[in-house]
Amino acid sequence: MDEERMKKAVEELLSAMGENLEREGLKDTPARVAKAFEEFVSGEKADAAVHLARTFTAESDGLVMEKDIAFCSLCEHHLMPFFGKVAIAYVSRGKVVGLSKLARCVEVFSKRLQMQERMTHEIADAVMGCLEPEGVMVVIEAEHTCMTCRGVCAHGTKTVTTCVVGEFSESLQGEVLSFIG
């Protein structure tokens, strides 16, 4: 990333808003915003497979689920944050991954300019591709500040997206949804 160019862009934005760039509270704002955006999109070139590659043999097949994986991402339409929780469930075929690696997978895809719908599919596809389970289900529930802080100002609204890939029966989907509660 071109940090200097990003700082100049923030200076231009603040000037266009009629702000005084010499005001005490704004003196370091361009540098802070540039650093924040570098962090917001730090997953852009990251590969989730790196985190999901180390697997372990499981004694038996069955449902593995991690829920309440917190994330914050940046909406590509308004450059405003959206945040929430992810649940990942998969039916193993004798191969499991360390649970922290599922959270790392979420981090990779959330640290990009993103749409929640796409992120849901990207996580499911990554888990399916790396672990080769019978099936994967991903559920994301998030609040989008582009809806709650501007425009309609629909405070407290949540968007829920799901993705199911592979063999994942309806009864198992219901079980996962009941765990998420």
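One is the number of the first residue; the rest follow in order along the sequence.
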Under a 4.0 Å threshold between the charged nitrogen and the carboxylate oxygen, would [Y] count as salt-bridged to [X]?
| X | Y | result |
| --- | --- | --- |
| Lys35 | Glu3 | yes |
| Glu141 | Lys85 | no |
| Glu19 | Arg23 | yes |
| Arg104 | Glu107 | yes |

Go through Val96 and Thr55 one step at a time and tell me if the side-chain contact (heavy atoms from CB on, under 4.5 Å) criterion holds.
-> CA-CA 5 Å; Val96 296; Thr55 60; over 6 Å; no
Is there a donor-acceptor contact under 3.5 Å from the side chain of Thr145 to the main chain of Pro81?
-> yes
Beyond-backbone contact of [X] with [Y], side-chain heavy atoms, under 4.5 angstrom:
| X | Y | answer |
| --- | --- | --- |
| Pro30 | Lys8 | no |
| Val138 | Thr162 | no |
| Met6 | Val33 | no |
| Lys101 | Arg54 | no |
| Glu143 | Phe82 | no |
| Leu113 | Val41 | yes |
| Thr157 | His144 | no |
| Phe71 | Val86 | yes |

When rounded to the nearest 0.5 angstrom, what is the spacing between [atom1] in [X] and [atom2] in [Y]?
| X | Y | atom1 | atom2 | answer |
| --- | --- | --- | --- | --- |
| Asn20 | Ser15 | CG | OG | 9.0 Å |
| Phe109 | Ser73 | CZ | OG | 11.5 Å |
| Arg150 | Met80 | CZ | CE | 7.0 Å |
| Tyr90 | Leu131 | OH | CG | 5.5 Å |
| Ile88 | Leu102 | CD1 | CG | 4.5 Å |
| Met137 | Ile123 | CE | CD1 | 13.5 Å |

Examine Phe168 and Leu177 and state if one hydrophobic cluster contains both, with Ile, Leu, Val, Met, Phe, Trp and Tyr joined whenever side-chain heavy atoms are less than 4.5 Å apart.
-> yes
Path from Val127 to Ile69 over hydrophobic side-chain contacts below 4.5 Å = yes
Have a look at Gln114 and tell me which of Glu44, Glu122, Glu76, His77 forms a side chain to side chain donor-acceptor pair (under 3.5 Å) with it.
-> Glu122
Under 3.5 Å, is there a donor-acceptor pair between the Thr161 and Thr120 side chains?
-> yes
